[in-house]
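Take a look at the structure set out below.
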Amino acid sequence: MSDEIKKGLLGIVVDETEVSKVMPEINSLTYRGYAAQDLCAKCKFEEVAYLILNGELPNKSQLKKFENQERKERKLSNTLLQDIRRFPRNAHPMDVARTTVSIMGLEDKETKDNSPTANMRKVMRIFAKTPVALAAFYRVRKGKKIIPPKKNLSFSENFFHMCFGKVPDKEIVKAFDVSLILYAEHSFNVSTFTARTITSSLSDIHGAITGAIASLKGPLHGGANEEVMHMMNKIKKPEYAFKWINKALDNKDVVMGFGHRVYKSGDSRVPTMREYFGKVARLKKDKKFEKIYNIVEKVMIERKNIHPNVDYPTGPTYHLMGFDTDFFTPIFVISRITGWSAHIIEQHAANKLIRPLAKYKGNQHRKVVRLNQR
Ligand code: SDX
């Protein structure tokens with residue numbers, strides 16, 4: 001048993017998975033063997049959600065059944081809607097996501113049942129309801145009426161409709177769908193590993209996803225897409241970008257949206273998301289953010305050889321779509337629920353309690369002295 005410390009579990013393989021793999025030979029993230037960019041080009045998000053959860057792409061009737069199930073489960077309980085109306089208006093939407101999944105766990109009649117069939121039913125309820133809860137908060141905090149989900153709208157269309165009261169151009173919906181496909185799954189990232197760790201004690205899926213959301217909120221993980229937008233807003237104009245990013249690097253700041261534990265010469269999801277960021281920027285007739293994007297990226301690669309990760313293009317894309325900046329990571333949540341759930345189910349199927357060791361460096365043994373002598 002080696003006592004060499006691998007802080008952050010750097011490079012440590014802790015289990016096997018069939019859900020996804022970054023395949024260096026095709027420089028691509030693959031879900032159940034399919035390249036993510038191939039899925040973006042040929043599928044809509046619901047097909048990929050089905051793939052990640054079930055292991056195969058659906059045929060037409062399987063997709064119809066899956067979509068009907070997701071749309072049927074969108075309805076929130078009156079209690080949850082009342083709770084959302086009472087949440088503090090300045091609550092961070094990631095805390096709202098975490099809290100609403102927790103409340104769903106209180107309400108779910110199958111919380112105690114970890115069987116594969118019960119878990120899949122609970123997954124569909126969490127998958128369907130979380131976007132509705134988030135959109136409801138999006139409206140409530142602006143003092144607007146909650147817009148109920150519509151069964152005749154796709155997952156992406158419905159989210160736009162519940163947030164803004166309308167469905168945008170199909171190119172915008174497609175770009176949003178692509179971002180959800182790219183965000184859906186990424187092997188043993190910290191939030192997924194959090195979900196697997198919680199599951200390893202045979203705790204329930206609502207608890208595992210609540211923990212995963214808490215982990216994803218961190219700026220070193222999913223919270224980076226929000227931080228990217230804060231950075232771009234601080235830069236303000238393309239003409240300030242070169243000086244701003246060089247000063248940040250001189251200060252040894254961590255630049256959000258760049259770097260990755262696994263990808264060391266570029267996140268394979270970025271080219272696809274960058275292409276759709278460009279499409280949305282042209283549709284919105286916005287050049288500013290693309291110029292800032294390109295200048296910062298160039299300096300990061302030339303000066304530090306650090307490449308963008310998927311959060312870098314998604315941040316400005318969501319901004320141009322009209323979402324509030326603190327809603328960017330919750331969008332990551334509504335997609336990643338699929339990946340988290342697939343891993344939770346996989347952990348249950350071949351479970352071993354996750355319990356690493358620590359190298360002790362504290363006090364050696366010593367006797368207790370009573371209070372009146374201390
Ligand atoms: C996601 O794991 C996943 O799969 C996550 C994810 C998913 O789909 O689930 O891909 C989603 O979380 C993407 C990452 C989003 N986070 C950020 O954009 C935050 C900024 N990135 C960094 O914090 C960093 O790159 C990490 C945390 C993402 C990865 O860092 P590592 O692997 O722990 O490496 P490190 O922090 O030790 O950095 C190695 C060197 C350091 O320099 P030295 O101290 O050796 O001189 O590279 C530097 C770092 O300072 N570095 C950066 C940097 N990233 C690494 N310097 C400035 N800005 C950065 N962004």
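Note that ligands are numbered from 1 as they come in the structure, with each ligand's atoms numbered from 1 the same way.
Here the heavy atom of the protein found nearest to atom 14 (C) of ligand 1 is Asn309 ND2, 3.5 Å. Regarding atom 11 (C) of ligand 1, its nearest protein heavy-atom neighbour is His221 ND1, 3.8 Å. Considering only non-hydrogen protein atoms, atom 51 (N) of ligand 1 sits nearest to Ile306 CD1, 3.5 Å. Summary of contacts: the protein heavy atom closest to atom 4 (O) of ligand 1 is His186 ND1, 2.6 Å. In this structure, the protein non-hydrogen atom closest to atom 6 (C) of ligand 1 is His260 NE2, 3.7 Å. Closest to atom 57 (C) of ligand 1, if we only count protein heavy atoms, is Asp253 O, 3.5 Å.
When the heavy-atom distances from atom 29 (C) of ligand 1 to Lys7, Glu185, Arg261 are ranked, the shortest goes to Arg261.
Per-atom contact check: atom 59 (C) of ligand 1 touches the protein, criterion being a heavy-atom distance below 4.0 Å. At a distance under 4.0 Å, no protein heavy atom can be found next to atom 35 (P) of ligand 1. Shown here, atom 26 (C) of ligand 1 is out of close reach of the protein: none of its heavy atoms lies under 4.0 Å off. Distances from atom 20 (C) of ligand 1 to the protein include at least one heavy-atom value under 4.0 Å. Inside a 4.0 Å radius of atom 31 (P) of ligand 1 there is at least one protein heavy atom. Within the 4.0 angstrom cut-off, atom 23 (O) of ligand 1 has one or more protein heavy-atom neighbours. Put simply, atom 49 (C) of ligand 1 has no protein non-hydrogen atoms near it, under 4.0 Å away. The nearest protein heavy atom to atom 44 (O) of ligand 1 is not closer than 4.0 Å.
Residue Leu10 has no N or O atom closer than 3.5 Å to an N or O atom of ligand 1. At a 3.5 angstrom cut-off on N or O pairs, Lys304 does not count as close to ligand 1. Inclusion of Asp267 in the set of residues having an N or O under 3.5 Å from an N or O of ligand 1 is not warranted. Of the N or O atoms in Phe258, one or more lie within a sub-3.5 Å distance of an N or O in ligand 1.
Atoms of ligand 1 found under 4.0 Å from any heavy atom of Ala224, numbered from 1 in the order shown, are 15 (C), 16 (N), 17 (C), 18 (O). Contact atoms of ligand 1 toward Met256: 18 (O), 19 (C) (distance under 4.0 Å to a heavy atom of the residue). The contact set between ligand 1 and Asn189, taken as ligand atoms under 4.0 Å from a residue heavy atom, comprises 2 (O), 3 (C), 4 (O), 5 (C), 9 (O). Of all atoms in ligand 1, numbered sequentially from 1 with element shown, those under 4.0 Å from a heavy atom of Arg336 are 7 (C), 8 (O), 9 (O). Atoms of ligand 1 lying under 4.0 Å from any heavy atom of Gly259, numbered from 1 in the order shown and given with element: 25 (O), 28 (C). Ligand-side atoms of ligand 1 in range of Gly257: 17 (C), 18 (O), range being under 4.0 angstrom from any heavy atom. Remark: ligand 1 atoms within the under-4.0 Å shell around heavy atoms of Arg269 are 6 (C), 7 (C), 8 (O), 10 (O). The Val255 neighbourhood of ligand 1 comprises atoms 20 (C), 57 (C), 58 (N), 59 (C), 60 (N), with distances under 4.0 Å to a heavy atom of that residue.
For Lys279 and Tyr276, the positive end sits near the middle of the six-membered ring, less than 6.0 Å away and at most 45° from its axis.
When heavy-atom distances to ligand 1 are checked against a 4.0 Å cut-off, His307 has no atom that comes that close, whether in backbone or side chain. The proximity of Glu227 to ligand 1, defined as any non-hydrogen pair under 4.0 Å, does not occur for either the backbone or the side chain. Contact annotation: for Ser191 versus ligand 1, there are no heavy atoms closer than 4.0 Å. The side chain of Asp311, and not its backbone, has at least one atom closer than 4.0 Å to an atom of ligand 1 (non-hydrogen atoms only; side chain from C-beta on). With a heavy-atom cut-off of 4.0 Å, Val254 touches ligand 1 through backbone and side chain alike.
Within a 6.0 Å radius of NZ in Lys170, other residues, nucleotides and ligands contribute 12 heavy atoms or fewer.
If you look at Phe159 and Tyr138, their ring centroids are not closer than 6.0 Å. In summary, the aromatic rings of His186 and Tyr31 are positioned with their centroids too far apart to meet the 6.0 Å limit. Aromatic ring centres of Phe289 and His319: separated by under 6.0 Å.
A donor-acceptor contact shorter than 3.5 Å links the side chain of Asp108 to the backbone of Glu110. A distance-only check finds no donor-acceptor pair linking the side chain of Ser191 to the backbone of Ile213 [under 3.5 Å]. At distances below 3.5 Å, not a single donor-acceptor pair connects side-chain atoms of Ser156 with backbone N or O atoms of Val173. Looking only at distances, no side-chain donor or acceptor of Arg141 sits under 3.5 Å from a matching main-chain atom of Asn90. Judged purely by atom type and a 3.5 angstrom limit, Lys129 has no side-chain atom pairing as donor or acceptor with the backbone of Met104. Using a distance-only test at 3.5 Å, with no hydrogens or angles considered, a donor-acceptor pair links the side chain of Asn309 to the main chain of Gly259. One N or O on the side chain of Ser335 and one on the backbone of Leu180 form a donor-acceptor pair closer than 3.5 Å.
Partner Phe176 forms a ring-ring contact (aromatic ring centres under 6.0 Å, His included) with one of Phe164, Phe328, Phe160 and no other, that one being Phe160.
Remark: Arg196 CZ to Thr199 OG1 distance equals 8.0 Å, nearest 0.5 Å.
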Side chain to side chain donor-acceptor pair (under 3.5 Å) between Asn305 and His307, worked out: CA-CA 6 Å; Asn305 190 27; His307 297 257; 3.2 Å; yes

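Distances shorter than 4.0 angstrom do not occur between any heavy atom of Leu249 and any atom of ligand 1. Within the structure, the closest approach of Leu220 to ligand 1 falls below 4.0 Å when heavy atoms are considered.
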Please table the atom pairs, donor to acceptor, closer than 3.5 Å between any side-chain atom in residues 145-155 and protein atoms at least two apart or in another chain.
| from | atom 1 | to | atom 2 | distance (Å) |
| --- | --- | --- | --- | --- |
| Ser154 | OG | Glu157 | N | 3.1 |
| Ser154 | OG | Glu157 | OE1 | 3.3 |

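Side-chain contact of Glu107 with His206: a donor-acceptor pair under 3.5 Å is absent, judged by distance alone. Side-chain polar atoms of Asp311 and Tyr183 form a donor-acceptor pair below 3.5 angstrom.
Note: Tyr50 and Phe66 have perpendicular aromatic rings, judged against thresholds of 30 and 60 degrees for the angle between ring planes.
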